[in-house]
Each structure stands twice: as structure tokens, then as C-alpha cells.
Amino acid sequence: MGFLIKRIMAFVFNLCGISNLLLWLEHRKYGNAYIRIINYHDTKQDNIANFRKQLVWFKRHYHNVTFGEFEAFLCKGVLDGDKPGIMLTFDDGLIGNYEHGRAVLNEMNMTGYFMVSSDLIGTKGYMNAEQLRELIDEGHIIGCHTSTHHRMNIKDDRSTLEYEIVSAKDKLEALLGIPVPIFCWCGGEEYTYTLNAQVMIEKAGYQYGFMTNSKPVTKETDRFHIQRTNVEDGWSIALAKFQICGMLDYKFTRKRKRVNSITHGG
């Protein structure tokens, strides 16, 4: 689906109330016992007013989920309150997340989950260790996004996987002084999910694997198949709603099944 077509569909769905209806049906289907995880990338100064509007809308309709609540939910399948959960993840460790997005997250009292590539820390355009530690002190979470922002592929040898998965975790933990239980795959194309990488992720001691194949998280969700739905900071509320109303979940149904088969050796 081209981006222009998606924007047009999002506008029509929002104008006609279809997105709201689908979101209501999603709430009914899961009884509010689910978490929708969003994956952002950069948060730019020019988009910060729009980003704030997105977070206002999310907070109105969803409950911000802390990492402790996320872990408890996967065990018990229950969230506090009468709203479904929302988690906001930010890929790549870009400096804009610290310089612009962080202030809005703190203002809204929402948790940010920052997926960082260890070798990019402190390089041009990316957050440094001190900035990441500030985020941690403010209650935000750091996950691993490989060492070099590497898209896994079937040709990766053992040394590559160890460097991108195991060494990345070790470096982050040593640099930040915290455990890093989340691994976040890069890219998200079907070929980037491989069995050898999955085996290495589990062997490295990660507890959760985050992907980008769009589906709500429920108590039954595989902990290494935590799916996220893409939204960007400059997108309209109508487009954000379209992304999370279930249309994308349906589109990715077959892909999720294939990825599940690949990473389980099926």
C-alpha cells in the first residue's frame, strides 16, 4: 500500500467514523486486556507540536504502560483501569528523541522505550551515554537494537550474530549499568528474521524480542514475538488511528505466520 493511498484511506476512514468503529471493536474483542505498542523513529523539532497531539490522543484512549506493568501483564493478562495499554518505542537512539521527544514524554508522564544500537552511541546524530543515563533516571527504558543497526539475514555467520546480538547487550549493560532485557530487530522485512538470530537472542539472555509486524500484545503473546505498529511524529491523528485500528494487523497476518515459522524452525 503506497503512502499516499494510505493517507487518503486514513482520511476517509476517519471522516466516516470507520477508524473509531474498528478501534471500538478491537476494545470489545480484547476486553481492554491488550497493549498496543507503537514504534517511532526520530522526533523532530518541526513535528513536536504534532507529536504532542498524538500523545494527548493516546493518553485519552489508552493507559501508559511502564516496564513493570508490561511484565506483569504478560504473566497475568490484566491492566490497571478500564483502558487498553499503550507503549511508545523509539528506534535507533537518535538525538532528536533526547532533544525534542523526551520533554513531551515527561510532560505527559509517559514512558519511552528507546531501542539503541550500541556502536552508534555518541556518534553524530545519536544520543550519547550520559543522555541515555538521564533517560533511565527519568523512568524510561533502554533496549538493544543490535550493535551497528544490522538487518539480520540468512548469510550471517556466527561471529556476526554474536557481535550484533551478544556483544551489543554486553556493551550496553556495561556502559549504562543496567540490565537490558529487550532485543529489537532492525528493518522488519521478512528476510531480516532468521532462525539463527532468534537462537542467539535467546542464548544471549534477552527476555523479550520486539518486532514490527503489527498486532496487539495479549497474555498469550510469544515473548519473543512482541509486535509493534509504526507511527511517525509528523503523522496526523487520522493516520495514526488508521495504523492502529486493526487494518495493518490484518494485512500482516500471513507475514506474522511466516516469521513465526522461520524463527521457530518450522
Side-chain angles (χ1 to χ4, degrees), residues 37-44 47 87-102 112-136 140-176 178-214 224-234 252 255 259 262-263:
I37 306 184
I38 306 297
N39 79 284
Y40 286 98
H41 290 86
D42 204 359
T43 43
K44 300 176 182 178
N47 294 333
M87 291 169 61
L88 307 178
T89 71
F90 301 82
D91 286 2
D92 305 338
L94 296 163
I95 189 63
N97 297 154
Y98 177 83
E99 292 179 340
H100 311 305
R102 165 179 169 252
Y113 293 78
F114 298 91
M115 307 303 167
V116 177
S117 296
S118 60
D119 283 7
L120 300 182
I121 295 172
T123 63
K124 185 177 180 180
Y126 295 89
M127 291 184 278
N128 60 38
E130 182 179 348
Q131 292 163 338
L132 291 171
R133 292 188 196 104
E134 284 187 55
L135 290 171
I136 293 166
H140 304 294
I141 305 300
I142 306 299
C144 180
H145 203 38
T146 76
S147 286
T148 66
H149 198 265
H150 175 70
R151 280 171 158 81
M152 306 298 175
N153 67 80
I154 196 66
K155 296 180 181 179
D156 288 334
D157 58 22
R158 183 178 181 84
S159 63
T160 297
L161 294 175
E162 288 181 341
Y163 186 74
E164 296 292 347
I165 297 170
V166 182
S167 295
K169 185 177 194 295
D170 292 343
K171 182 175 180 179
L172 280 176
E173 292 181 338
L175 190 64
L176 302 177
I178 57 165
V180 177
I182 298 173
F183 180 84
C184 181
W185 297 76
C186 292
E189 299 87 355
E190 192 169 328
Y191 76 85
T192 64
Y193 299 107
T194 70
L195 174 59
N196 287 341
Q198 180 61 51
V199 170
M200 189 69 71
I201 290 165
E202 296 185 37
K203 181 180 178 181
Y206 293 100
Q207 298 174 39
Y208 308 101
F210 280 33
M211 298 178 171
T212 50
N213 303 310
S214 194
F224 288 98
H225 286 243
I226 304 292
Q227 304 297 350
R228 305 178 299 156
T229 306
N230 183 233
V231 174
E232 298 298 347
D233 64 329
F252 285 169
K255 181 188 176 188
V259 168
I262 291 167
T263 55

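Nothing fancy with the numbering, it's 1 onward along the sequence. None of these values were measured; they are calculated from a predicted model.
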First locate atom OH of Tyr40, then atom CG of Leu94, and finally report the distance between them rounded to the nearest 0.5 Å. 14.5 Å

CD1/Ile38 to CZ/Phe90 distance, rounded to the nearest 0.5 angstrom? 10.0 Å

Per the side chain to side chain contact (heavy atoms under 4.5 Å, CB included) rule, which among Asp91, Asn97, Asp233 passes with His41? Asp91

Measure across [X] and [Y] and return the closest heavy-atom pair with its distance rounded to 0.1 Å.
X	Y	result
His100	Thr43	CD2-O, 3.3 Å
Ser214	Thr229	OG-OG1, 2.9 Å
His149	Asp92	NE2-OD1, 2.8 Å
Ser147	Ser167	OG-C, 4.3 Å
Thr212	Gly188	OG1-CA, 3.4 Å
Ile142	Val180	O-CG1, 3.9 Å

Lys169 NZ/CZ over Tyr206 ring centroid, <6.0 Å and within 45° of normal: yes

CA sep, side-chain torsions, deciding dist, call: Thr160, Asp157, side chain to side chain donor-acceptor pair (under 3.5 Å): CA-CA 5 Å; Thr160 297; Asp157 58 22; 2.8 Å; yes

Looking at Lys255, I'd like to know if its NZ atom is crowded, meaning that more than 12 non-hydrogen atoms belonging to other residues, nucleotides or ligands lie closer than 6.0 Å. yes

Heavy-atom side-chain contact between [X] and [Y] under 4.5 Å:
X	Y	value
Val259	His225	yes
Tyr193	Met152	no
Glu173	Pro179	yes
Tyr113	Leu88	no
Ile262	Gln198	no
Gln207	Phe224	no
Ile226	Ile37	yes
Val166	Lys203	no

Does the pair Asn230 and Glu232 meet the rule for a side chain to side chain donor-acceptor pair (under 3.5 Å), with working shown? CA-CA 7 Å; Asn230 183 233; Glu232 298 298 347; 3.0 Å; yes

Counting distance only, does the side-chain N/O of [X] pair as donor-acceptor with the main-chain N or O of [Y] below 3.5 Å?
X	Y	result
Gln131	Asn128	yes
Ser117	Leu120	no
Thr263	Thr194	no
His145	Cys184	yes
Asp156	Asn153	yes
Arg228	Asn39	no

What's the verdict on side chain to side chain contact (heavy atoms under 4.5 Å, CB included) for Leu175 and Arg133, showing C-alpha distance, side-chain angles and the deciding distance? CA-CA 9 Å; Leu175 190 64; Arg133 292 188 196 104; 4.2 Å; yes

Where does the angle between the aromatic ring planes of Phe114 and His140 fall among parallel (under 30°), tilted (30 to 60°) and perpendicular (over 60°)? perpendicular

Would a line drawn from the ring center of Phe210 to the ring center of Trp185 be shorter than 6.0 Å? no

Could you give me the CA-CA distance, side-chain angles and deciding distance for Ile141 and Thr89, then say whether side chain to side chain contact (heavy atoms under 4.5 Å, CB included) is met? CA-CA 9 Å; Ile141 305 300; Thr89 71; over 6 Å; no

Would Leu132 and Tyr98 satisfy side chain to side chain contact (heavy atoms under 4.5 Å, CB included), going step by step from the backbone distance to the final call? CA-CA 8 Å; Leu132 291 171; Tyr98 177 83; over 6 Å; no

Results of salt bridge (charged side-chain N to carboxylate O under 4.0 Å, His left out) for Glu134 - residues two or more places apart only: Arg102

Any donor-acceptor N or O pair under 3.5 Å, side chains Glu164, Thr148: yes

